[in-house]
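Side-chain atoms are counted along with the backbone in the values below, which use heavy atoms only and exclude waters and symmetry mates.
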Amino acid sequence: MRTNASIFEADPRIPFPHANTTLACRVDPALFVHEYGHHSSKAAQERIEGARAACRRCPIAAGCLKWALANPELTPTGIWAATIPRERKVLRRRLQERHGLDWVGVVAAADRARALRNQSRPSAPDPAPAASAMWARPYEPWREPRTPDRQQRNRELLNQT
């Protein structure tokens, strides 16, 4: 039996972003499953909102959106960078209107130029050391010793209720 499956390759000009942290889309991929047109039920809307909330916290969301927009054949369904397929279609059309038919090349060139500018910047100096040893570590009042006065004050506060 022959299959009519087409194999699409990702556009190499915009690589898929990499993260050293655990991503929500890798932990719970079912949250990001979305078929075109299946967004009218309350459960689907809640799942879409849950996926969008996860994308808002994601460190690679901007790169993920660029990749999803540059590869429409690979992202016809699902939630990518907090967008559903219809929203990505609108974004692609706007990018094409703004930058022309090869908008992917324009975006990729802008990314390369930005990376070169960031490489040429001097690194930020190390922060100044703390003015005193007291400020060198965070204040953690629960680690402070309980003095008799503090114990009495705590008892008074508990007895007031």
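Closest heavy-atom contact between Ala61 and Ala81: O-CB, 3.4 Å. Closest heavy-atom contact between Cys64 and Phe16: SG-CE1, 4.5 Å. Considering all non-hydrogen atoms of both residues, Gly63 and Pro17 come closest at C-CG, 3.5 Å. In terms of heavy-atom proximity, His34 sits nearest to Ile79 at CB-CG1, 3.8 Å. Across all non-hydrogen atoms, the minimal contact from Leu23 to Pro59 is CD2-CD, 4.1 Å. Contact record, Lys66 with Arg114: NZ-NH1, 4.1 Å, taken as the closest heavy-atom pair.
In this structure, Val90 and Arg93 have side chains that are in contact, with non-hydrogen atoms separated by less than 4.5 Å. By the 4.5 Å heavy-atom criterion applied to side chains, Cys55 and Phe32 are counted as neighbours. The shortest side-chain heavy-atom distance between Ile7 and Glu73 does not fall under the 4.5 Å cut-off. In this structure the side chain of Ile14 never reaches within 4.5 angstrom of the side chain of Asp11, judged on heavy atoms. Side-chain contact between Asn159 and Glu156 is absent, with no heavy-atom pair separated by less than 4.5 Å. Annotation: side chain of Trp67 is not in contact with side chain of Pro15 (no heavy-atom distance under 4.5 Å). Side-chain contact check for Gln96 versus Leu101: some heavy-atom pair is nearer than 4.5 Å. Under the 4.5 Å side-chain criterion, counting only non-hydrogen atoms from C-beta, Ile60 is not in contact with His18.
The structure places CZ of Arg153 at 7.5 Å from CZ of Arg150, a figure rounded to the nearest 0.5 Å. Atoms CZ and CG, on Arg92 and Asn71 in that order, are 8.5 Å from each other to the nearest 0.5 Å. Rounded to the nearest 0.5 angstrom, Trp103 CH2 and Leu69 CG are separated by 5.0 Å. A distance of 12.5 Å separates CG of Leu91 from CZ of Arg86, quoted to the nearest 0.5 Å. To the nearest 0.5 angstrom, Leu65 atom CG is 11.5 Å from Cys58 atom SG. Atoms CZ and OG1, on Arg26 and Thr22 in that order, are 10.0 Å from each other to the nearest 0.5 Å.
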Exercise. Let me see the working for Arg47 and Asp28 under salt bridge (charged side-chain N to carboxylate O under 4.0 Å, His left out), right down to the final yes or no.
Key: CA-CA 11 Å; Arg47 191 178 66 252; Asp28 187 10; over 6 Å; no

Exercise. Begin with the C-alpha distance, continue with both residues' side-chain angles, and end with the deciding distance and a verdict on side chain to side chain contact (heavy atoms under 4.5 Å, CB included) for Gln152 and Asp149.
Key: CA-CA 5 Å; Gln152 180 61 35; Asp149 291 337; 5.8 Å; no

Quiz prompt | Step-by-step side chain to side chain contact (heavy atoms under 4.5 Å, CB included) determination, Arg13 to Asp102 | solution = CA-CA 11 Å; Arg13 297 175 290 181; Asp102 188 30; 2.7 Å; yes

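When hydrophobic clusters are built by joining Ile, Leu, Val, Met, Phe, Trp and Tyr residues whose side-chain heavy atoms come closer than 4.5 Å, directly or via intermediates, Val106 is not grouped with Leu95.
In this structure, the side chain of Glu49 does not engage the main chain of Glu46 through any donor-acceptor pair within 3.5 Å. With hydrogens and angles ignored, the 3.5 Å screen pairs a side-chain donor or acceptor of Arg52 with a backbone N or O of Ala82.
Counting heavy-atom neighbours within 6.0 Å of Gln151 CD, excluding the residue itself, gives a total above 12.
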